[in-house]
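Note sheet for the following structure.
Along the sequence shown, residues are numbered consecutively beginning with 1.
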Amino acid sequence: MGAALARAQYARAVRPAIGHFGRVTPGMAPDDRLAWVCRVINAAQDVAVVEQIDYRVVFTGDESPADDEAGWVSREEAERAIEERGPVDRTDFTLHFISVGKPLPAQGVVLIGWFTEAAMAEVPHVHVRLRVTDRVGDTHERIIDVLKGAHRTPFRADSPLL
């Protein structure tokens, strides 16, 4: 009983605190265009390791899938689907490569991707399903809406966070 309680307390202490935030930022997109930039943060005191990452893209005029398991694809398939609608990878948007096994450091921030106004006109939502494993082997999953709260017609950069 004591061992189970100790393990539970330790598991709670090393549990990742994964969230995300976005800002309008200059210098990401070519030609000094402003872009909505989304980052994931592990605000916990211990590392988490990426176990799985999937993407779901919702296009303007489409409805969000009713089934939580529908429409999840790889990063490459998500990029290809977006490009088929017109935006160009590394010109209008980028989904950064995050590999399985990548550590999300304690108190660390990782770039997920960025979208310009042109890309956001075609893509209202990009969901990233991020599954991580903590130090004791427990799995934690977050679904991040990369464009939630995005300034879709940015006219200036957001002020610094600190």
Side-chain angles (χ1 to χ4, degrees), residues 15-44 48-105 108-134 138-162:
R15 183 176 64 184
I18 296 178
H20 70 286
F21 63 95
R23 306 182 64 244
V24 174
T25 306
M28 289 286 192
D31 303 325
D32 290 327
R33 289 182 297 158
L34 295 172
W36 177 259
V37 179
C38 185
R39 293 177 171 88
V40 65
I41 182 170
N42 177 14
V49 178
V50 175
E51 181 180 301
Q52 181 179 343
I53 186 165
D54 302 300
Y55 300 80
R56 180 169 56 195
V57 180
V58 178
F59 294 103
T60 301
D62 293 347
E63 291 194 26
S64 186
D67 180 6
D68 284 342
E69 291 303 314
W72 292 104
V73 297
S74 69
R75 180 184 63 87
E76 294 82 7
E77 291 170 303
E79 288 174 337
R80 194 172 20 253
I82 294 169
E83 283 194 301
E84 287 175 1
R85 292 291 289 252
V88 177
D89 185 25
R90 299 193 181 273
T91 299
D92 298 313
F93 76 98
T94 291
L95 293 172
H96 284 275
F97 176 70
I98 300 172
S99 69
V100 170
K102 177 180 180 33
L104 298 179
V109 177
V110 175
L111 183 63
I112 294 177
W114 53 265
F115 287 76
T116 63
E117 183 177 355
M120 289 186 285
E122 293 294 326
V123 182
H125 300 283
V126 175
H127 301 122
V128 177
R129 181 170 59 187
L130 181 64
R131 187 173 297 148
V132 299
T133 304
D134 64 19
D138 292 343
T139 299
H140 307 271
E141 182 175 292
R142 301 291 182 274
I143 296 179
I144 298 163
D145 187 347
V146 173
L147 297 172
K148 184 176 184 175
H151 299 284
R152 296 191 179 270
T153 55
F155 58 92
R156 66 176 171 79
D158 289 334
S159 58
L161 292 175
L162 299 175

Any side-chain heavy atom of [X] within less than 4.5 Å of one from [Y]?
| X | Y | value |
| --- | --- | --- |
| Leu147 | Met120 | yes |
| Val128 | Ile98 | no |
| His127 | Asp145 | yes |
| Tyr55 | Val146 | no |

Exercise. Which residues pass the ring pair (Phe, Tyr, Trp, His ring centres under 6.0 Å) test with Phe115, sequence neighbours left out?
Worked result: Phe93
For this session: Could you check Ile144, Val126, Thr94 and say which one makes a side-chain contact (heavy atoms from CB on, under 4.5 Å) with Ile112?
Result: Ile144
Show the nearest heavy-atom pair for residues [X] and [Y], with the distance to one decimal.
| X | Y | answer |
| --- | --- | --- |
| Pro30 | Thr91 | CD-O, 3.4 Å |
| Met28 | Val37 | CG-CG2, 3.7 Å |
| Pro87 | Ala118 | CG-O, 4.4 Å |

Problem set entry | Any donor-acceptor N/O pair, Asn42 side chain to Ile18 backbone, under 3.5 Å |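 No; zero donor-acceptor contacts below 3.5 Å.
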Exercise. Listed by chain and number, what are the salt bridge (Lys or Arg N to Asp or Glu O under 4.0 Å) partners of Arg39, not counting sequence neighbours?
Worked result: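 Checked Arg39 against salt bridge (Lys or Arg N to Asp or Glu O under 4.0 Å); zero matches.
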Exercise. So which pairs with a foot in residues 115-131 pass salt bridge (charged side-chain N to carboxylate O under 4.0 Å, His left out), sequence neighbours left out?
Worked result: Asp54-Arg129, Glu69-Arg129, Arg85-Glu122, Arg131-Glu141
For this session: Please list all pairs passing the salt bridge (charged side-chain N to carboxylate O under 4.0 Å, His left out) test where one or both residues lie in residues 147-159, with sequence neighbours left out.
Result: none
For this session: Please collect all side-chain hydrogen bond (donor to acceptor under 3.5 Å, both in side chains) contacts where either partner lies in residues 20-38, sequence neighbours excluded, each pair once.
Result: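 Every pair satisfying side-chain hydrogen bond (donor to acceptor under 3.5 Å, both in side chains) with a residue in residues 20-38: Arg33-Asp92.
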Problem set entry | Pairing residues for Glu77 by the side-chain hydrogen bond (donor to acceptor under 3.5 Å, both in side chains) criterion, not counting sequence neighbours | Ser74
